[in-house]
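Letters A, B, ... are given to chains in the order of the sequence lines, protein chains preceding strands, and every chain is numbered from 1.
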2 protein chains.
Amino acid sequence: MAERGRPRSFDRQAALERAMDVFWERGYQAAAMSDLTEAMGINSPSLYAAFGSKEELYREAIAHFAATESDDILSPLQNAPTARAAIEGYLMASAKTFTRPGRPPGCMVVLSAVNAIGVGDETTRILREMRAGSVTMIEERLRRAIAEGELPSSLDPHPIASYYVTVQQGMSIQARDGASRQVLEMIAQGAMAAWDALTIPKAA
Amino acid sequence: MAERGRPRSFDRQAALERAMDVFWERGYQAAAMSDLTEAMGINSPSLYAAFGSKEELYREAIAHFAATESDDILSPLQNAPTARAAIEGYLMASAKTFTRPGRPPGCMVVLSAVNAIGVGDETTRILREMRAGSVTMIEERLRRAIAEGELPSSLDPHPIASYYVTVQQGMSIQARDGASRQVLEMIAQGAMAAWDALTIPKAA
DNA sequence: TCGATTGTGTATCGATCGACACATAAATGG
DNA sequence: CCATTTATGTGTCGATCGATACACAATCGA
């Protein structure tokens, strides 16, 4: 059962995290192989032996991002007691994680391949599905709230979910422009100001 | 007064517009000189003679963008009769211009240099000022509304302006992911749902 | 100990990047 | 006409891109 051949001399997971930081900060295209190998502390052939190619490394990096950073943002959607608290928690957690000291500002899934040039079609599809997945998760939380009687059954969850995800994606841009956690939290509160108007059935 | 030397054989303004399209669609880095010269219908030395460098061409392109596309978005802020109509018009105009057929989706100022790598510091500063300029313009419109008695004087314009600009920047991301004008308009309406809660002084 | 297998470091590949040298073409003023 | 000035097209520059060839090192099973 033991591994054959010469053992790898570096920590694959640690190297992946360093690569994630580079992709996160610079974006896919601007992250040169030399940037990656320098940050990972390995030579180019070791990178290719362990990860296959720059694009495969990038895919592993966004998967690792989703499993760590992204999870912090989405967990309020599952755990908060009400739909309103869930979405507020989602935005407030975004404000926090988008401005973590020592980490690139904003969301890697949103910012690291905006123009989708140079990255393969399959990777582009994965990124789009991850972004669309946030909308789906919020929709489901809203549907649950409808089923539980918190929100009226006449509500259409989709536009509400799209709206809040749009705000959250805009917060990534703001974070890149230097917005602090406090500023992002103010923006999140601004977005939550729409809650009652969006969820209480109109007389019209 | 006539021009000396051999006259330029191409329309400089038309070439600039083609270059703008390339930068807008692909982003600054991914726009290769070969992409630009092909779209502009000229050879590399002609580009350098007329525009100086890739980055100077890019600066002219974003200036041209601001003078045309961007103006369509910001004009409601000046012309609408009320602050609410101004901001609603700003978002609705964004929904329209972000999905114009035959043009790249979303806003060039927001999308074409997200990671700000490879582009010079001065150009980065210009882009950030353009983005921040939207916040300032909305703030001023809100202040005008306060002065005119439309909005209460206790209102703080800055967080409201930041909030709406954040929504608009998120709409650029949504447009890049294929959102239609109708979807973006729904999102804009979602953002406007916060208006009363943001502008009517709270009892608290 | 030895063949098989796998990882590492050096050095470099062809392709492409942004930018330009140079000779020529096309306009001007005199 | 000619000297000057500016633009164009061909060709190519050094640098860097992502990706490997190759020889050697380090582990395995037998």
Item to complete: Give one of base, sugar-phosphate or nothing for A/A32, where a contact means two heavy atoms less than 4.0 Å apart.
Response: sugar-phosphate
Worksheet item: Quick one: does A/S34 reach the base of D/dC17 with a side-chain donor-acceptor pair under 3.5 Å?
Response: no
Would you tabulate the nitrogen or oxygen pairs shorter than 3.5 Å linking the protein to nucleotides 24-27 of chain C?
unit_1	atom_1	unit_2	atom_2	d
C/dA25	N3	B/R6	NH1	3.2

Item to complete: Send over the distance from B/D35 CG to C/dT16 P, rounded to a whole Å.
Response: 12 Å
Worksheet item: Within this structure, what is the CG-to-P distance between A/L47 and D/dC17, rounded to whole angstrom?
Response: 14 Å
Worksheet item: With distance as the sole test, does A/N79 use its side chain to make a donor-acceptor pair with the main-chain N or O of A/S75 at under 3.5 Å?
Response: yes
Discussion item. Regarding B/A31, tell me which of base, sugar-phosphate or nothing describes its non-hydrogen contacts under 4.0 Å with the strands shown.
Written reply: sugar-phosphate
Worksheet item: Can you tell if the side chain of B/M192 reaches within under 4.5 Å of the side chain of B/Y164, non-hydrogen atoms only?
Response: yes
Item to complete: Give a yes/no on whether any side-chain N or O of A/S9 is located under 4.0 angstrom from OP1 or OP2 of C/dG7.
Response: no
Practice prompt. Using whole Å, report how far OH of A/Y28 lies from P of D/dG18.
Written response: 8 Å
Worksheet item: Rounding to a whole Å, what distance do you find between A/L57:CG and D/dC17:P?
Response: 16 Å
Item to complete: Return no unless some side-chain N or O of B/N43 is found under 4.0 Å from OP1 or OP2 of D/dT8.
Response: no
Fill in: From D/dT10, C/dG18, C/dA19, nucleotide with atom closest to B/P45 side chain
D/dT10
Worksheet entry | Euclidean distance, atom CD of residue A/E55 to atom P of D/dG18 [Å, nearest integer] | 12 Å
Practice prompt. With the side chain of A/K54 defined as its heavy atoms from C-beta on, choose the nearest nucleotide among C/dG9, C/dA21, D/dG18.
Written response: D/dG18
Worksheet item: To the side chain of B/S46, which of D/dT20, C/dA19, D/dG9 is closest?
Response: D/dG9
Worksheet item: Is there side-chain contact between B/F65 and B/E17, with heavy atoms separated by less than 4.5 Å?
Response: no
Practice prompt. Say whether, by atom type as modelled, one donor and one acceptor occur between the side chain of A/T37 and the main chain of A/M33 under 3.5 angstrom.
Written response: yes
Response to the item:
B/M33 has its side chain closest, among D/dT8, C/dT8, C/dA19, to C/dA19
Worksheet entry | Interatomic distance where CG belongs to A/L36 and C1' belongs to D/dA19 [whole Å] | 13 Å
Practice prompt. Between D/dA19, C/dC20, D/dG9, spot the one nearest the side chain of A/Y48, thanks.
Written response: D/dA19
Worksheet item: Is it true that atom CE of A/M92 has more than 12 heavy atoms of other residues, nucleotides or ligands lying nearer than 6.0 Å?
Response: yes
Discussion item. I'd like to know if the side chain of B/S46 and the backbone of B/I42 have a donor-acceptor N/O pair within less than 3.5 Å.
Written reply: no
Practice prompt. Rounded off to whole Å, could you give me the CG-to-P distance for the A/D11 and C/dT8 pair?
Written response: 12 Å
Worksheet item: According to the interplanar angle, ranging from 0 to 90°, do the rings of B/F23 and B/Y28 count as parallel (below 30°), tilted (30 to 60°) or perpendicular (above 60°)?
Response: parallel
Item to complete: Send over the distance from A/R12 CZ to C/dG7 P, rounded to a whole Å.
Response: 11 Å
Practice prompt. Can you measure from CD1 (B/I138) to CD1 (B/I160) and round to the nearest 0.5 angstrom?
Written response: 10.5 Å
